[in-house]
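Residue numbering restarts at 1 for every chain, and letters A, B, ... go by the order of the sequence lines.
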Number of protein chains: 2
Amino acid sequence: MIQSVDRALHILDLLKNNPRGLGVTEISKSLDVAKSTAHRLLMSLERYGYVQKFGKDAIYRLGLKFIEMNQVVVENLNVVEIARPYLEKLSADTGEIVHLVMLDGYEIVYIDKVDNNSTIRIYSQIGRRAQLHCTGVGKAILAHFDKSNITRFIENNDFRSYTPNTIVDGQALLSELEKIRIDGISFDNEEHEPGIQCVAAPIKDHRNHVQYAISVTGPLTRMTKEKLETCIPKLRETAQNISRQLGHFL
Amino acid sequence: MIQSVDRALHILDLLKNNPRGLGVTEISKSLDVAKSTAHRLLMSLERYGYVQKFGKDAIYRLGLKFIEMNQVVVENLNVVEIARPYLEKLSADTGEIVHLVMLDGYEIVYIDKVDNNSTIRIYSQIGRRAQLHCTGVGKAILAHFDKSNITRFIENNDFRSYTPNTIVDGQALLSELEKIRIDGISFDNEEHEPGIQCVAAPIKDHRNHVQYAISVTGPLTRMTKEKLETCIPKLRETAQNISRQLGHFL
DNA sequence: AAAGCGGTTCCATAATACGGAACAATGTAA
DNA sequence: TTACATTGTTCCGTATTATGGAACCGCTTT
């Protein structure tokens, strides 16, 4: 909207695509502006460290300021806050309870919960902990561990059974996780509480790591096949949107 | 130099110092410009993802573009290339040979060497490997391992002796490393080759990790006490400058 | 209901960024 | 060696373009 700012930021994109650097002339041609203009823009960018001049042939590259800025951005990425509006929408669209959980050690912690008919934060289950093997969200996160960590986790744990459906066999869990990783979606078919079913999806961060997951939870009676059919795409999309907001670009 | 670009980049600095976000009015006051101007600048920044608007109260924060840009910058950080001019200067100032080494596994590899009287790259020693305990650069890097990694390294290795001065005793090495970490400088007093002495300093990257080190090397006859007195500050400064160029801000 | 306080939009003005030309520095070809 | 080509940098008059102010809109408070 502001010509000169637009052009300056355009230069940064240009340099992003040419990380080895570009000269003033090349840049001016790409932007279709006079050399002097490109030069002036580069001076401004250089002053702030967004661009760095190399060698006596004056090749310009992206500067170190980006590293500095990145740290601030990443430090202030707050999942709960970012996820909130998406979770509210998901809950409203599905009419079910939506959870956000986070990995802590080898357990998950519920860090947010949205009920379908209120935007007030309900602290009822927030802070509750659960194991990885018996919840949709837990399995969604576990499925994205390193292969070696998964086997280690399975070998070193006895899995407590909560319902007849809880997966307690290591081999069964392993193949379930494999499926989950491919699908990008995991289920909880009364594995933790009888009568309660849920669908979950992982949240990926800027390093492509999975530390969070979200789920849509409902009583078995309401979670019909048709209902799930409509929930899953919405869940997928929501998880993707949140991931993107956390800097996940892949 | 370009007013509008300057102002735009100034806003980014402002938001960097207020990571929780600022409103248009606040920003316009800080920059001492009209609200409309600040608003227009923000629109341009937002278009490119450098700024993100949150909530209906229109709080602006740093955007995710920085994460994207950071990746490109970090990926293209090339130590050898960046260090070159600094190494040349250091060699010219000291009149001695300067080395750049890199950690690879539990060994170091010489990845650059600058002779005092030529700017031509000499491949004679580049690629040579050495152990960590017997060189100045090796100890400089080793000293910055995690405490647990250091003890593990010392416990699991028998240290080969190259000269009478080589440190082969675990305890002796441990206390030497402690000293090095405090000083920020390490020495090689004929520990690897008789008659050769050197001073080394670690290079730190954008994550405060030490993967590289540089050294000034010379024959014992030339490396007098007085000579070292002048070399060390230059070495320190060079190491700092290179670290900064690699995104080390601390 | 009205006032206050944010963000956003619009517009006339003149300040400001622009392009072009001249210059400097470097490398290349004759 | 000279002349030429190419690239980065500086300067300046012009008119394009960013600017500030006023008006507007939506929200909250009293």
Closer than 4.0 Å, any side-chain N/O of [X] to the OP1 or OP2 of [N]?
X: Lys35(B); N: dA23(D); result: no
X: Tyr60(A); N: dT9(D); result: yes
X: Arg7(B); N: dT19(D); result: yes
X: Arg40(B); N: dT17(D); result: no
X: His39(B); N: dG7(C); result: no
X: Thr25(A); N: dG8(D); result: yes

Quick one: on DNA chain D, does Val5(A) or Glu26(A) contact a more 5' nucleotide (nearest heavy atom)?
-> Glu26(A)

Rounded to whole angstroms, how far apart are CD1 on Ile2(A) and P on dC18(C)?
-> 11 Å

Whole-Å distance separating the CE atom of Met1(A) from the C1' atom of dT16(D) = 17 Å

What's the closest nucleotide to the [X] side chain, out of [options]?
X: Val24(B); options: dG19(C), dT8(C), dA17(C); result: dT8(C)
X: Ala34(A); options: dG20(D), dA18(D), dG20(C); result: dG20(C)
X: Lys53(A); options: dG20(C), dT19(D), dT9(D); result: dT9(D)
X: Ala58(A); options: dT16(C), dG19(C), dT9(D); result: dT9(D)

Which part of the nucleic acid, if any, lies within reach of Ser36(B) when heavy atoms closer than 4.0 Å are counted: base, sugar-phosphate only, or nothing?
-> base

May I ask you to say what Thr37(B) touches in the nucleic acid, namely base, sugar-phosphate or nothing, with a heavy-atom cut-off under 4.0 Å?
-> base

Would you please say whether a donor-acceptor pair under 3.5 Å links the side chains of Asn208(B) and His248(B)?
-> yes

Rounded to the nearest 0.5 Å, how far does NE2 of His99(B) lie from OG of Ser91(B)?
-> 10.0 Å

Hey, do the aromatic rings of Phe66(A) and Tyr50(A) have their centres closer than 6.0 Å?
-> yes

Using a cut-off of 6.0 Å, state whether more than 12 heavy atoms not belonging to Asn17(B) lie near its atom CG.
-> yes

